[in-house]
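Ligands are counted one by one from 1 in listed order, and the atoms in each one are counted from 1 as well. These numbers were taken from a predicted model, which means no experiment stands behind them. We use all heavy atoms of the structure for the numbers below, so side chains are in, but hydrogens, waters and symmetry mates are not.
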Amino acid sequence: MNTTEFRKRGKEMIDYVADYIETIEQRSVYPDVQPGYLRSLIPEEVPVEPEMYEDVVKDIERVIMPGVTHWHSPFFYAYFPTASSFPAMLADMLCGAIGCIGFSWGTASEATLMSLLAARSRIVRWIQADNPDRTESEIFSKLVAYSSDQAHSSVERAGLIGGVTMKKVPTDEKFSVQGEALKKMVERDRRAGLIPFYFCATLGTTASCAFDNIIELGPLCNAAKMWMHIDAAYAGSAFICPEFRPLLNGVEFADSFNFNAHKWLLVNFDCSVMWVKERADIIGAFKMDPLYLKHDHQESGLVTDYRHWQIPLGRRFRSLKLWFVFRLYGLRGLQDHIRKQVLLAKEFEKMVRDDQRFEICAEVILGLVCFRLKGSNELNETLLKRINSTRKIHMVPCQLSGKFVLRFAVCARTTELHHVRESWAHITDLASELLQELPH
Ligand code: PLP
């Protein structure tokens, strides 16, 4: 959608909302459709080709409105069909697109925390089933969770909030966790009387977009009765392209998996998607059922009450955004977007490799290029400071094997090859200036 159309559609949407408010009293307060009513109204798969905006918008009245409540009171919490079924169906569509099954929604940090808390409650349940005398607090004190030394800070934070020790597993020369490294730590901790119960793998680390070896790690976690969560916050969107799907091999061993559609799938912030293998594990850990939250369908098995899957009770209607994006771009449009950005990153990588003064610091797999000037960390810190202070482009650094590294990330929808070329010209101009200032 170009900006002219965006202006037009935005104004039409304001009119739609104003009309809705003016005529709200003509609508039923409570929906009279049954769970499952959506199944016959929306397709099971992401459409391959893009659809017309007019057709998508028409479906708000046809598909969405019959299943929502129409009132102004913020003090009512209850099941209503669209809020419970629509996210599940959109999630199923997305699962189909990336070749996986069944999802819920939140943020990546929240998903990691939820999975850790669910794993904690599962291990306590298992241990107490055999040893009813062991108390929860005694078990908690011995629990150990693990993640890559490259994991996002939200993983360490999940350990802090969950009150369990989170140990960092060393990565190999590609910044990836291998089975042997985790195995050694788990065996050592078991010998010390601790209880390993959780491993958070990363597919697409923040620093360098590295991928943990989940084909090795998954069976190991399964055998050790440890929960494996996969944080694919950034890279997960790429799995809609069949050529990147092998990076997801091993997901079948995971207990939970999460990625952020808002990072790279053209959905506005926030829209993160979480899949859990055994929904009972997560619901069992957090279920609360006061009278004011009860509804007629809760035991029917026909609806998913996402309030049991998350900390907040209320939820935003994130699946609606996803629905619009799926239909306006189509699967093919979304795949084109990912592929184009990966190609742009590869173009940038080529430019870096062609300049002998620079080095590439990690394999370029998706849209991130880690690079630096050959030379000291101070030199690279100065270069980045100069780049960012001119405010033409902005880059965030990382540390890889003790080296200060610059990260060129292609992720904006509007990025074209000429932007990448201009960025490289800008970087090399500043680098040349800097290198000339050095004593010869
Ligand atoms: N995990 C990884 C690998 C990330 O790169 C990020 C954010 O950049 C996060 C988790 C945190 O995501 P969120 O903001 O959705 O909590």
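Partner Arg353 forms a side-chain contact (heavy atoms from CB on, under 4.5 Å) with one of Glu349, Gln356, Met351, Lys350 and no other, that one being Glu349.
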Could you tell me, for ligand 1, which of its N or O atoms are under 3.5 Å from any protein N or O, listing the pairs and their distances rounded to 0.1 Å?
residue	atom	partner	partner atom	Å
ligand 1	1 (N)	Asp231	OD1	3.2
ligand 1	1 (N)	Asp231	OD2	2.6
ligand 1	5 (O)	Thr206	OG1	2.9
ligand 1	8 (O)	Lys263	NZ	3.1
ligand 1	15 (O)	Ala108	N	3.0
ligand 1	15 (O)	Asn260	ND2	2.9
ligand 1	16 (O)	Ser109	N	2.9
ligand 1	16 (O)	Ser109	OG	2.4

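Checking Glu422 against His426 by side-chain atom types alone, no donor-acceptor pair falls below 3.5 Å.
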What donor-acceptor contacts under 3.5 angstrom involve side-chain atoms of residues 119-126, with partners at least two apart or in another chain?
residue	atom	partner	partner atom	Å
Arg120	NH1	Gly162	O	2.7
Arg122	NH1	Asp255	OD1	3.3
Arg125	NH2	Asp281	OD1	3.3

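Listed by first then second residue, pairs satisfying ring pair (Phe, Tyr, Trp, His ring centres under 6.0 Å) with a partner in residues 141-176 number zero, not counting sequence neighbours. The salt bridge (Lys or Arg N to Asp or Glu O under 4.0 Å) analysis of residues 142-159, with sequence neighbours excluded, yields the pairs Glu138-Lys142, Glu156-Lys168.
Using a distance-only test at 3.5 Å, with no hydrogens or angles considered, a donor-acceptor pair links the side chain of Thr112 to the main chain of Ala108.
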